[in-house]
K.L.:
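Pasting a structure below so you can have a look.
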There are 2 protein chains.
Amino acid sequence: MSDTLSYPKARSPRLQVEDALGAMIATLSPGEQLPPEPTLARDLGVSRATLREVMRTFVERGVLVRRHGVGTFVASRMPVMDNGLEVLETLETLARRIGLDTAVQALEVEERLATPIERAGLGLQEEASAPVLSVTRVINVGDTPVADLRDVVPLTYLTCDDLGAEFRGSVLEVLLQRGEPLLSVSRTEILAESADAKFARRLSVPRGTALLKLVAQLYSYDEKVVDFSVSYFVPGHFRFHVMRKVPGQ
Amino acid sequence: MSDTLSYPKARSPRLQVEDALGAMIATLSPGEQLPPEPTLARDLGVSRATLREVMRTFVERGVLVRRHGVGTFVASRMPVMDNGLEVLETLETLARRIGLDTAVQALEVEERLATPIERAGLGLQEEASAPVLSVTRVINVGDTPVADLRDVVPLTYLTCDDLGAEFRGSVLEVLLQRGEPLLSVSRTEILAESADAKFARRLSVPRGTALLKLVAQLYSYDEKVVDFSVSYFVPGHFRFHVMRKVPGQ
DNA sequence: ATATGTCGGTTGTCAGACAAGTCAAGCCGC
DNA sequence: GCGGCTTGACTTGTCTGACAACCGACATAT
(Lines give C-alpha, C1' and ligand atoms only; values in the text may rest on other atoms or scores of the structure.)
Protein backbone atom coordinates (compact mmCIF):
# COMPACT_ATOMS: atom_id res chain seq x y z
CA MET A 1 0.00 0.00 0.00
CA SER A 2 2.11 2.82 1.28
CA ASP A 3 5.16 2.78 -0.86
CA THR A 4 8.48 4.23 0.05
CA LEU A 5 9.08 5.74 -3.34
CA SER A 6 10.10 9.35 -3.21
CA TYR A 7 7.79 11.47 -5.26
CA PRO A 8 9.05 14.59 -6.93
CA LYS A 9 8.68 17.16 -4.23
CA ALA A 10 5.50 19.09 -4.73
CA ARG A 11 6.00 22.81 -4.78
CA SER A 12 4.94 24.29 -1.52
CA PRO A 13 1.56 26.01 -1.40
CA ARG A 14 3.22 29.37 -1.09
CA LEU A 15 5.21 29.01 -4.30
CA GLN A 16 2.20 27.69 -6.16
CA VAL A 17 0.12 30.60 -5.03
CA GLU A 18 2.90 33.00 -5.92
CA ASP A 19 2.82 31.73 -9.49
CA ALA A 20 -0.95 31.64 -9.72
CA LEU A 21 -1.42 35.08 -8.26
CA GLY A 22 1.32 36.51 -10.43
CA ALA A 23 -0.35 35.11 -13.51
CA MET A 24 -3.67 36.48 -12.39
CA ILE A 25 -2.27 39.93 -11.79
CA ALA A 26 -0.77 39.90 -15.28
CA THR A 27 -4.26 39.58 -16.75
CA LEU A 28 -5.57 42.59 -14.84
CA SER A 29 -5.28 46.25 -15.69
CA PRO A 30 -3.59 48.84 -13.50
CA GLY A 31 -5.91 50.04 -10.79
CA GLU A 32 -8.17 47.04 -11.06
CA GLN A 33 -9.41 45.46 -7.87
CA LEU A 34 -8.68 41.90 -6.84
CA PRO A 35 -11.33 39.60 -5.43
CA PRO A 36 -11.64 39.71 -1.64
CA GLU A 37 -9.14 37.62 0.24
CA PRO A 38 -11.54 34.91 1.45
CA THR A 39 -12.77 34.33 -2.09
CA LEU A 40 -9.27 34.37 -3.53
CA ALA A 41 -8.00 31.99 -0.87
CA ARG A 42 -10.80 29.55 -1.58
CA ASP A 43 -10.27 29.74 -5.35
CA LEU A 44 -6.54 29.17 -4.99
CA GLY A 45 -7.05 26.40 -2.48
CA VAL A 46 -5.02 27.85 0.37
CA SER A 47 -5.74 29.48 3.67
CA ARG A 48 -6.14 33.18 3.98
CA ALA A 49 -2.99 33.43 6.08
CA THR A 50 -0.86 31.88 3.35
CA LEU A 51 -2.47 34.00 0.70
CA ARG A 52 -1.78 37.10 2.71
CA GLU A 53 1.90 36.24 3.02
CA VAL A 54 2.12 35.89 -0.73
CA MET A 55 0.25 39.12 -1.23
CA ARG A 56 2.68 40.88 1.04
CA THR A 57 5.57 39.95 -1.23
CA PHE A 58 3.72 41.54 -4.13
CA VAL A 59 2.99 44.61 -2.05
CA GLU A 60 6.65 44.74 -1.12
CA ARG A 61 7.57 44.65 -4.79
CA GLY A 62 5.11 47.42 -5.51
CA VAL A 63 2.85 45.29 -7.68
CA LEU A 64 -0.17 45.44 -5.40
CA VAL A 65 -1.59 48.17 -3.24
CA ARG A 66 -3.78 47.38 -0.25
CA ARG A 67 -6.27 49.74 1.31
CA HIS A 68 -7.63 48.76 4.68
CA GLY A 69 -11.34 48.30 4.57
CA VAL A 70 -11.54 48.85 0.83
CA GLY A 71 -9.67 46.23 -1.14
CA THR A 72 -6.53 45.20 -2.91
CA PHE A 73 -5.61 46.77 -6.23
CA VAL A 74 -3.09 46.33 -8.98
CA ALA A 75 -0.59 49.16 -8.68
CA SER A 76 -1.00 51.71 -11.40
CA ARG A 77 2.56 51.49 -12.64
CA MET A 78 2.73 47.69 -13.02
CA PRO A 79 6.45 47.10 -12.75
CA VAL A 80 5.89 43.40 -13.26
CA MET A 81 5.05 43.83 -16.91
CA ASP A 82 8.33 45.52 -17.39
CA ASN A 83 11.64 43.96 -16.56
CA GLY A 84 12.43 44.73 -12.97
CA LEU A 85 15.87 43.60 -11.97
CA GLU A 86 14.83 42.59 -8.48
CA VAL A 87 14.35 38.98 -9.45
CA LEU A 88 16.89 37.07 -11.42
CA GLU A 89 15.50 35.31 -14.44
CA THR A 90 16.73 33.99 -17.71
CA LEU A 91 16.74 36.35 -20.64
CA GLU A 92 14.46 33.95 -22.48
CA THR A 93 11.61 34.12 -20.01
CA LEU A 94 12.08 37.86 -19.81
CA ALA A 95 11.81 38.17 -23.57
CA ARG A 96 8.82 35.89 -23.75
CA ARG A 97 6.95 38.06 -21.29
CA ILE A 98 7.30 41.13 -23.44
CA GLY A 99 6.34 39.15 -26.51
CA LEU A 100 9.66 38.63 -28.22
CA ASP A 101 10.87 35.43 -29.81
CA THR A 102 14.51 34.79 -29.14
CA ALA A 103 17.05 32.60 -30.86
CA VAL A 104 20.53 31.64 -29.76
CA GLN A 105 23.37 32.24 -32.11
CA ALA A 106 27.06 31.48 -31.90
CA LEU A 107 26.66 29.21 -28.90
CA GLU A 108 30.08 28.24 -27.66
CA VAL A 109 30.72 25.83 -24.79
CA GLU A 110 34.20 24.95 -23.60
CA GLU A 111 36.12 23.81 -20.58
CA ARG A 112 39.25 25.82 -19.95
CA LEU A 113 41.18 27.68 -17.29
CA ALA A 114 39.77 30.94 -15.96
CA THR A 115 41.39 34.20 -16.91
CA PRO A 116 42.68 36.39 -14.08
CA ILE A 117 39.61 38.62 -14.35
CA GLU A 118 37.29 35.66 -14.20
CA ARG A 119 39.19 34.23 -11.26
CA ALA A 120 38.71 37.50 -9.43
CA GLY A 121 35.04 37.57 -10.33
CA LEU A 122 34.62 34.04 -9.03
CA GLY A 123 36.33 34.98 -5.78
CA LEU A 124 39.09 32.41 -6.22
CA GLN A 125 42.60 32.85 -4.90
CA GLU A 126 45.32 32.86 -7.45
CA GLU A 127 47.30 29.97 -6.04
CA ALA A 128 45.65 27.07 -7.81
CA SER A 129 44.48 26.69 -11.36
CA ALA A 130 40.79 27.37 -11.89
CA PRO A 131 39.18 25.06 -14.43
CA VAL A 132 35.86 26.46 -15.53
CA LEU A 133 33.01 25.85 -17.90
CA SER A 134 32.59 28.79 -20.23
CA VAL A 135 29.36 29.39 -22.15
CA THR A 136 29.23 32.22 -24.66
CA ARG A 137 26.32 33.12 -26.87
CA VAL A 138 24.55 35.87 -28.77
CA ILE A 139 20.80 36.31 -28.42
CA ASN A 140 18.86 37.27 -31.48
CA VAL A 141 15.41 38.72 -31.89
CA GLY A 142 14.46 37.94 -35.43
CA ASP A 143 17.62 38.62 -37.35
CA THR A 144 19.03 41.31 -35.12
CA PRO A 145 21.41 40.46 -32.30
CA VAL A 146 20.38 42.11 -29.07
CA ALA A 147 22.65 40.67 -26.39
CA ASP A 148 26.00 39.01 -25.93
CA LEU A 149 26.32 36.83 -22.87
CA ARG A 150 29.13 34.89 -21.25
CA ASP A 151 28.79 32.65 -18.21
CA VAL A 152 31.77 31.21 -16.39
CA VAL A 153 31.17 28.43 -13.87
CA PRO A 154 33.80 26.46 -11.96
CA LEU A 155 33.86 22.83 -13.03
CA THR A 156 33.09 21.83 -9.46
CA TYR A 157 29.57 23.12 -10.02
CA LEU A 158 28.94 22.31 -13.66
CA THR A 159 30.71 20.40 -16.39
CA CYS A 160 30.17 20.04 -20.07
CA ASP A 161 28.41 16.73 -19.49
CA ASP A 162 25.80 18.30 -17.24
CA LEU A 163 24.38 20.24 -20.15
CA GLY A 164 21.69 18.24 -21.82
CA ALA A 165 21.39 17.73 -25.55
CA GLU A 166 18.75 20.39 -25.81
CA PHE A 167 20.86 22.93 -23.95
CA ARG A 168 20.05 26.30 -25.41
CA GLY A 169 22.52 28.39 -23.55
CA SER A 170 20.88 29.33 -20.27
CA VAL A 171 23.26 28.34 -17.52
CA LEU A 172 20.93 29.76 -14.90
CA GLU A 173 18.18 27.46 -16.04
CA VAL A 174 20.40 24.41 -15.67
CA LEU A 175 21.56 25.47 -12.22
CA LEU A 176 18.01 26.12 -11.05
CA GLN A 177 16.75 22.82 -12.39
CA ARG A 178 19.48 20.87 -10.63
CA GLY A 179 18.75 22.61 -7.35
CA GLU A 180 22.38 22.04 -6.43
CA PRO A 181 24.01 24.11 -5.13
CA LEU A 182 21.30 26.21 -3.51
CA LEU A 183 21.38 29.72 -4.95
CA SER A 184 20.71 32.85 -2.96
CA VAL A 185 21.30 36.14 -4.75
CA SER A 186 23.01 37.65 -7.71
CA ARG A 187 25.05 40.78 -7.32
CA THR A 188 24.76 42.58 -10.61
CA GLU A 189 26.91 45.56 -11.43
CA ILE A 190 25.64 48.06 -13.95
CA LEU A 191 27.98 49.68 -16.45
CA ALA A 192 28.02 51.32 -19.84
CA GLU A 193 30.65 50.54 -22.40
CA SER A 194 31.37 51.42 -25.99
CA ALA A 195 31.32 48.59 -28.48
CA ASP A 196 34.83 47.74 -29.57
CA ALA A 197 35.58 46.08 -32.90
CA LYS A 198 34.86 42.59 -31.61
CA PHE A 199 31.45 43.40 -30.15
CA ALA A 200 30.54 45.61 -33.06
CA ARG A 201 30.95 42.60 -35.30
CA ARG A 202 29.23 40.11 -33.01
CA LEU A 203 26.26 42.40 -32.37
CA SER A 204 26.09 44.01 -35.81
CA VAL A 205 26.26 47.54 -34.49
CA PRO A 206 28.55 50.43 -35.39
CA ARG A 207 31.75 50.67 -33.41
CA GLY A 208 31.35 53.02 -30.51
CA THR A 209 27.71 52.20 -29.89
CA ALA A 210 26.90 52.56 -26.19
CA LEU A 211 26.15 49.14 -24.76
CA LEU A 212 24.60 48.39 -21.41
CA LYS A 213 26.88 46.03 -19.53
CA LEU A 214 25.83 43.84 -16.63
CA VAL A 215 28.45 42.01 -14.63
CA ALA A 216 26.88 39.50 -12.28
CA GLN A 217 28.09 37.23 -9.52
CA LEU A 218 25.65 34.49 -8.60
CA TYR A 219 26.06 33.40 -5.01
CA SER A 220 25.16 30.13 -3.36
CA TYR A 221 23.94 30.00 0.20
CA ASP A 222 27.42 29.27 1.47
CA GLU A 223 28.66 32.54 -0.01
CA LYS A 224 30.57 31.03 -2.88
CA VAL A 225 30.36 32.48 -6.37
CA VAL A 226 28.75 29.85 -8.57
CA ASP A 227 28.54 31.81 -11.80
CA PHE A 228 30.36 34.87 -13.05
CA SER A 229 28.70 36.41 -16.06
CA VAL A 230 29.26 39.41 -18.28
CA SER A 231 26.44 40.56 -20.53
CA TYR A 232 26.23 43.26 -23.15
CA PHE A 233 22.91 44.63 -24.33
CA VAL A 234 22.16 46.58 -27.46
CA PRO A 235 20.01 49.59 -26.54
CA GLY A 236 16.40 49.69 -27.51
CA HIS A 237 15.34 46.09 -27.11
CA PHE A 238 15.26 45.41 -23.41
CA ARG A 239 14.24 47.93 -20.83
CA PHE A 240 15.71 47.25 -17.44
CA HIS A 241 14.62 49.02 -14.36
CA VAL A 242 14.86 48.77 -10.62
CA MET A 243 12.47 49.86 -7.91
CA ARG A 244 14.25 51.88 -5.25
CA LYS A 245 12.81 52.38 -1.83
CA VAL A 246 12.71 55.78 -0.23
CA PRO A 247 14.62 55.76 3.07
CA GLY A 248 12.66 56.21 6.29
CA GLN A 249 9.50 54.43 5.21
CA MET B 1 -8.28 73.22 -1.23
CA SER B 2 -6.65 71.16 1.43
CA ASP B 3 -6.17 67.79 -0.15
CA THR B 4 -6.75 65.23 2.56
CA LEU B 5 -4.66 62.45 1.17
CA SER B 6 -3.81 59.33 3.03
CA TYR B 7 -1.23 59.91 5.73
CA PRO B 8 0.49 57.62 8.20
CA LYS B 9 -2.14 56.69 10.73
CA ALA B 10 -1.61 55.66 14.28
CA ARG B 11 1.05 53.04 13.95
CA SER B 12 -0.48 49.66 13.40
CA PRO B 13 0.96 46.57 15.05
CA ARG B 14 2.60 45.61 11.79
CA LEU B 15 4.54 48.86 11.51
CA GLN B 16 5.55 48.73 15.15
CA VAL B 17 6.80 45.20 14.72
CA GLU B 18 8.60 46.19 11.56
CA ASP B 19 10.51 48.81 13.47
CA ALA B 20 11.18 46.61 16.46
CA LEU B 21 12.31 43.67 14.40
CA GLY B 22 14.44 45.87 12.20
CA ALA B 23 16.16 47.30 15.25
CA MET B 24 16.67 43.83 16.64
CA ILE B 25 18.19 42.56 13.41
CA ALA B 26 20.57 45.50 13.41
CA THR B 27 22.04 44.31 16.71
CA LEU B 28 22.68 40.82 15.39
CA SER B 29 25.59 39.60 13.35
CA PRO B 30 25.26 38.10 9.89
CA GLY B 31 24.39 34.43 10.09
CA GLU B 32 23.06 34.69 13.61
CA GLN B 33 19.82 32.92 14.42
CA LEU B 34 16.68 34.68 15.56
CA PRO B 35 14.55 33.40 18.42
CA PRO B 36 11.78 31.03 17.38
CA GLU B 37 8.65 32.65 16.05
CA PRO B 38 6.37 31.89 19.02
CA THR B 39 8.88 33.41 21.41
CA LEU B 40 9.45 36.42 19.22
CA ALA B 41 5.73 36.98 18.75
CA ARG B 42 5.15 36.90 22.48
CA ASP B 43 8.05 39.27 23.16
CA LEU B 44 6.84 41.73 20.56
CA GLY B 45 3.24 41.44 21.70
CA VAL B 46 1.71 40.35 18.42
CA SER B 47 0.32 37.19 16.97
CA ARG B 48 2.50 34.80 15.07
CA ALA B 49 0.60 35.52 11.85
CA THR B 50 1.39 39.22 12.03
CA LEU B 51 4.99 38.54 12.91
CA ARG B 52 5.32 36.21 9.96
CA GLU B 53 4.00 38.82 7.56
CA VAL B 54 6.59 41.27 8.80
CA MET B 55 9.29 38.64 8.55
CA ARG B 56 8.31 37.97 4.99
CA THR B 57 9.01 41.58 4.06
CA PHE B 58 12.50 41.19 5.48
CA VAL B 59 12.96 37.92 3.62
CA GLU B 60 11.79 39.66 0.49
CA ARG B 61 14.38 42.35 1.02
CA GLY B 62 17.04 39.73 1.54
CA VAL B 63 17.73 40.69 5.14
CA LEU B 64 16.52 37.40 6.64
CA VAL B 65 16.83 33.83 5.49
CA ARG B 66 14.38 31.18 6.64
CA ARG B 67 15.04 27.47 6.65
CA HIS B 68 12.09 25.20 7.19
CA GLY B 69 12.48 23.14 10.30
CA VAL B 70 15.70 24.87 11.28
CA GLY B 71 15.24 28.53 12.00
CA THR B 72 15.46 32.10 10.79
CA PHE B 73 18.82 33.72 10.29
CA VAL B 74 20.22 37.13 9.52
CA ALA B 75 21.41 37.05 5.93
CA SER B 76 25.15 37.09 5.72
CA ARG B 77 25.06 39.72 3.03
CA MET B 78 23.14 42.86 3.76
CA PRO B 79 22.29 44.47 0.45
CA VAL B 80 21.08 47.64 2.07
CA MET B 81 24.44 48.41 3.57
CA ASP B 82 26.16 48.16 0.26
CA ASN B 83 25.79 51.01 -2.16
CA GLY B 84 23.25 49.11 -4.17
CA LEU B 85 20.41 50.75 -5.96
CA GLU B 86 17.77 49.25 -3.70
CA VAL B 87 17.52 52.38 -1.62
CA LEU B 88 17.16 55.79 -3.12
CA GLU B 89 19.64 58.30 -1.85
CA THR B 90 21.17 61.50 -2.95
CA LEU B 91 24.31 61.29 -5.01
CA GLU B 92 26.08 63.35 -2.38
CA THR B 93 25.59 60.84 0.42
CA LEU B 94 26.52 58.05 -1.93
CA ALA B 95 29.72 59.83 -2.89
CA ARG B 96 30.55 60.61 0.70
CA ARG B 97 30.26 56.95 1.64
CA ILE B 98 32.81 55.92 -0.92
CA GLY B 99 35.09 58.72 0.12
CA LEU B 100 34.65 61.27 -2.63
CA ASP B 101 34.22 65.01 -2.23
CA THR B 102 31.64 66.39 -4.60
CA ALA B 103 30.97 69.86 -5.86
CA VAL B 104 28.03 71.20 -7.80
CA GLN B 105 28.69 73.03 -11.02
CA ALA B 106 26.41 74.76 -13.47
CA LEU B 107 23.43 74.70 -11.13
CA GLU B 108 20.39 75.94 -13.00
CA VAL B 109 16.95 76.40 -11.46
CA GLU B 110 13.95 77.59 -13.42
CA GLU B 111 10.21 77.43 -13.54
CA ARG B 112 8.83 76.62 -16.95
CA LEU B 113 6.42 74.38 -18.80
CA ALA B 114 7.20 70.69 -19.12
CA THR B 115 8.29 69.28 -22.44
CA PRO B 116 6.18 66.49 -23.92
CA ILE B 117 8.71 63.89 -22.76
CA GLU B 118 8.72 65.30 -19.27
CA ARG B 119 4.93 65.39 -19.24
CA ALA B 120 4.86 61.72 -20.14
CA GLY B 121 7.45 60.93 -17.50
CA LEU B 122 5.39 62.75 -14.90
CA GLY B 123 2.31 60.79 -15.90
CA LEU B 124 0.45 63.90 -17.03
CA GLN B 125 -1.28 63.11 -20.25
CA GLU B 126 -3.78 65.63 -21.44
CA GLU B 127 -3.37 68.37 -18.93
CA ALA B 128 -3.45 71.66 -20.75
CA SER B 129 -0.27 73.07 -19.28
CA ALA B 130 2.21 71.49 -16.94
CA PRO B 131 4.22 74.10 -15.04
CA VAL B 132 7.24 72.53 -13.43
CA LEU B 133 10.33 73.36 -11.47
CA SER B 134 13.43 72.26 -13.33
CA VAL B 135 16.77 71.76 -11.61
CA THR B 136 19.82 70.95 -13.68
CA ARG B 137 23.36 70.48 -12.45
CA VAL B 138 26.69 68.82 -13.04
CA ILE B 139 28.43 67.00 -10.23
CA ASN B 140 32.19 67.29 -10.01
CA VAL B 141 34.73 65.21 -8.18
CA GLY B 142 37.73 67.44 -7.92
CA ASP B 143 37.94 69.09 -11.30
CA THR B 144 36.41 66.30 -13.33
CA PRO B 145 32.67 66.21 -14.01
CA VAL B 146 31.19 62.81 -13.26
CA ALA B 147 27.45 63.21 -13.56
CA ASP B 148 24.81 65.37 -15.18
CA LEU B 149 21.47 65.48 -13.44
CA ARG B 150 18.11 67.02 -14.17
CA ASP B 151 15.09 66.93 -11.90
CA VAL B 152 11.65 68.03 -13.01
CA VAL B 153 8.96 68.55 -10.35
CA PRO B 154 5.43 69.88 -10.89
CA LEU B 155 4.99 73.25 -9.23
CA THR B 156 2.19 71.78 -7.16
CA TYR B 157 4.83 69.89 -5.20
CA LEU B 158 7.73 72.29 -5.19
CA THR B 159 8.34 75.88 -6.28
CA CYS B 160 11.42 77.99 -6.60
CA ASP B 161 10.69 79.60 -3.25
CA ASP B 162 10.73 76.25 -1.45
CA LEU B 163 14.44 75.91 -2.15
CA GLY B 164 16.41 77.43 0.70
CA ALA B 165 19.30 79.80 0.25
CA GLU B 166 21.76 76.99 0.84
CA PHE B 167 20.16 74.76 -1.77
CA ARG B 168 22.90 72.69 -3.28
CA GLY B 169 20.95 70.95 -5.98
CA SER B 170 19.49 67.88 -4.35
CA VAL B 171 15.77 67.96 -4.99
CA LEU B 172 15.33 64.63 -3.22
CA GLU B 173 16.84 66.07 -0.07
CA VAL B 174 14.37 68.95 -0.08
CA LEU B 175 11.42 66.66 -0.67
CA LEU B 176 12.48 64.32 2.11
CA GLN B 177 13.03 67.15 4.53
CA ARG B 178 9.59 68.59 3.89
CA GLY B 179 7.94 65.22 4.37
CA GLU B 180 5.19 66.36 2.04
CA PRO B 181 4.09 64.61 -0.06
CA LEU B 182 4.90 61.24 1.39
CA LEU B 183 7.23 59.36 -0.95
CA SER B 184 7.09 55.65 -1.60
CA VAL B 185 9.36 54.34 -4.32
CA SER B 186 11.39 55.41 -7.28
CA ARG B 187 11.19 53.51 -10.51
CA THR B 188 14.56 53.84 -12.12
CA GLU B 189 15.16 52.75 -15.68
CA ILE B 190 18.66 51.80 -16.71
CA LEU B 191 20.03 52.75 -20.10
CA ALA B 192 23.26 53.36 -21.93
CA GLU B 193 23.71 56.27 -24.25
CA SER B 194 26.50 57.81 -26.26
CA ALA B 195 27.49 61.31 -25.32
CA ASP B 196 26.32 63.78 -27.92
CA ALA B 197 27.98 67.12 -28.47
CA LYS B 198 26.12 68.82 -25.65
CA PHE B 199 26.94 66.22 -23.00
CA ALA B 200 30.49 65.82 -24.27
CA ARG B 201 31.02 69.49 -23.52
CA ARG B 202 29.20 69.52 -20.19
CA LEU B 203 30.97 66.42 -18.94
CA SER B 204 34.35 67.02 -20.58
CA VAL B 205 34.45 63.67 -22.33
CA PRO B 206 35.01 62.78 -25.98
CA ARG B 207 31.92 62.61 -28.09
CA GLY B 208 30.62 59.08 -28.32
CA THR B 209 31.68 58.10 -24.82
CA ALA B 210 29.29 55.52 -23.41
CA LEU B 211 27.35 57.09 -20.55
CA LEU B 212 25.20 55.29 -18.02
CA LYS B 213 21.76 56.85 -18.05
CA LEU B 214 19.22 56.56 -15.25
CA VAL B 215 15.68 57.74 -15.81
CA ALA B 216 13.73 57.82 -12.57
CA GLN B 217 10.16 58.45 -11.58
CA LEU B 218 9.66 59.19 -7.90
CA TYR B 219 6.22 58.16 -6.70
CA SER B 220 4.20 59.42 -3.79
CA TYR B 221 1.95 57.16 -1.78
CA ASP B 222 -1.06 58.08 -3.88
CA GLU B 223 0.69 56.83 -7.00
CA LYS B 224 1.47 60.21 -8.46
CA VAL B 225 4.84 61.04 -9.97
CA VAL B 226 6.44 63.72 -7.84
CA ASP B 227 9.80 63.94 -9.56
CA PHE B 228 11.00 62.93 -13.01
CA SER B 229 14.75 62.87 -13.31
CA VAL B 230 17.27 62.01 -15.97
CA SER B 231 20.87 61.40 -14.96
CA TYR B 232 24.00 60.70 -16.95
CA PHE B 233 27.08 59.17 -15.39
CA VAL B 234 30.59 59.12 -16.69
CA PRO B 235 31.97 55.59 -16.40
CA GLY B 236 34.60 54.79 -13.84
CA HIS B 237 33.55 56.98 -10.93
CA PHE B 238 30.43 55.47 -9.49
CA ARG B 239 29.77 51.78 -9.37
CA PHE B 240 26.10 50.95 -9.27
CA HIS B 241 24.84 47.50 -8.60
CA VAL B 242 21.67 45.72 -7.66
CA MET B 243 21.05 42.56 -5.67
CA ARG B 244 18.75 40.21 -7.52
CA LYS B 245 16.84 37.49 -5.77
CA VAL B 246 16.80 33.98 -7.14
CA PRO B 247 13.21 32.88 -7.80
CA GLY B 248 11.74 30.16 -5.60
CA GLN B 249 12.62 31.04 -1.99
C1' DA C 1 -28.44 71.28 2.73
C1' DT C 2 -25.70 69.35 6.21
C1' DA C 3 -24.59 66.33 9.64
C1' DT C 4 -25.14 61.74 11.66
C1' DG C 5 -25.98 56.85 12.13
C1' DT C 6 -26.05 52.42 10.32
C1' DC C 7 -24.77 48.56 7.57
C1' DG C 8 -22.38 45.55 4.35
C1' DG C 9 -18.01 44.53 2.61
C1' DT C 10 -12.96 44.38 3.00
C1' DT C 11 -8.53 44.20 5.11
C1' DG C 12 -5.94 43.70 9.71
C1' DT C 13 -5.12 40.91 13.66
C1' DC C 14 -5.68 37.25 16.76
C1' DA C 15 -5.48 32.45 19.02
C1' DG C 16 -4.69 27.74 18.76
C1' DA C 17 -3.84 23.69 16.37
C1' DC C 18 -1.61 20.45 13.29
C1' DA C 19 1.66 19.25 9.31
C1' DA C 20 6.24 19.01 7.60
C1' DG C 21 11.04 19.53 7.83
C1' DT C 22 15.65 19.21 10.40
C1' DC C 23 18.84 17.58 13.55
C1' DA C 24 20.93 14.95 17.09
C1' DA C 25 20.79 11.64 20.60
C1' DG C 26 19.86 7.01 21.48
C1' DC C 27 18.75 2.31 20.37
C1' DC C 28 19.37 -1.84 17.89
C1' DG C 29 21.43 -5.71 15.41
C1' DC C 30 25.59 -7.06 13.74
C1' DG D 1 32.76 -0.87 18.03
C1' DC D 2 29.97 0.42 14.08
C1' DG D 3 26.41 1.48 10.74
C1' DG D 4 21.67 2.08 10.12
C1' DC D 5 17.34 3.02 12.07
C1' DT D 6 14.05 5.09 15.30
C1' DT D 7 12.61 8.49 18.23
C1' DG D 8 11.73 12.93 19.95
C1' DA D 9 12.56 17.82 20.57
C1' DC D 10 12.45 21.87 18.05
C1' DT D 11 11.47 24.95 14.23
C1' DT D 12 9.06 26.78 10.32
C1' DG D 13 4.86 26.08 7.18
C1' DT D 14 -0.08 25.96 6.83
C1' DC D 15 -4.86 25.78 8.29
C1' DT D 16 -9.24 27.16 10.65
C1' DG D 17 -12.36 30.28 12.49
C1' DA D 18 -13.21 34.28 14.68
C1' DC D 19 -13.27 39.21 15.81
C1' DA D 20 -11.59 44.13 15.28
C1' DA D 21 -10.69 48.21 12.47
C1' DC D 22 -11.78 50.62 8.59
C1' DC D 23 -14.12 52.50 4.47
C1' DG D 24 -17.90 53.82 1.48
C1' DA D 25 -22.55 54.47 0.62
C1' DC D 26 -27.11 54.95 1.75
C1' DA D 27 -30.73 56.22 4.88
C1' DT D 28 -32.08 59.25 8.38
C1' DA D 29 -32.41 63.17 11.47
C1' DT D 30 -31.43 68.01 12.33
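In the text below, chain A, chain B and the rest are named by the order of the sequence lines, each starting its count at 1.
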K.L.:
Under 4.0 Å between a Lys/Arg side-chain N and an Asp/Glu carboxylate O for A/Glu18 and B/Arg56?
P.N.:
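No.
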K.L.:
So if I define the base as every atom that isn't primed, P, OP1 or OP2, how would nucleotides 8-13 of chain C read as a B/S/- string at a heavy-atom cutoff under 4.0 Å?
P.N.:
-BBBBB
K.L.:
May I ask you to decide if A/Pro131's main-chain N or O and A/Glu111's side chain share a donor-acceptor pair within less than 3.5 Å?
P.N.:
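Side chain of A/Glu111 to backbone of A/Pro131, a donor-acceptor pair under 3.5 Å: no, none is there.
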K.L.:
For residues B/Arg66 and B/Thr72, is any side-chain donor paired with an opposing acceptor at under 3.5 Å?
P.N.:
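B/Thr72 and B/Arg66 do not have a side-chain donor-acceptor pair below 3.5 Å.
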K.L.:
What residues form a side-chain contact (heavy atoms from CB on, under 4.5 Å) with A/Ala130, not counting sequence neighbours?
P.N.:
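By the side-chain contact (heavy atoms from CB on, under 4.5 Å) rule, A/Ala130 matches A/Ala114, A/Arg119, A/Leu124.
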K.L.:
Heavy-atom count around A/Leu113 CG within 6.0 Å, excluding the residue itself: above 12?
P.N.:
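Check passes, neighbour count above 12.
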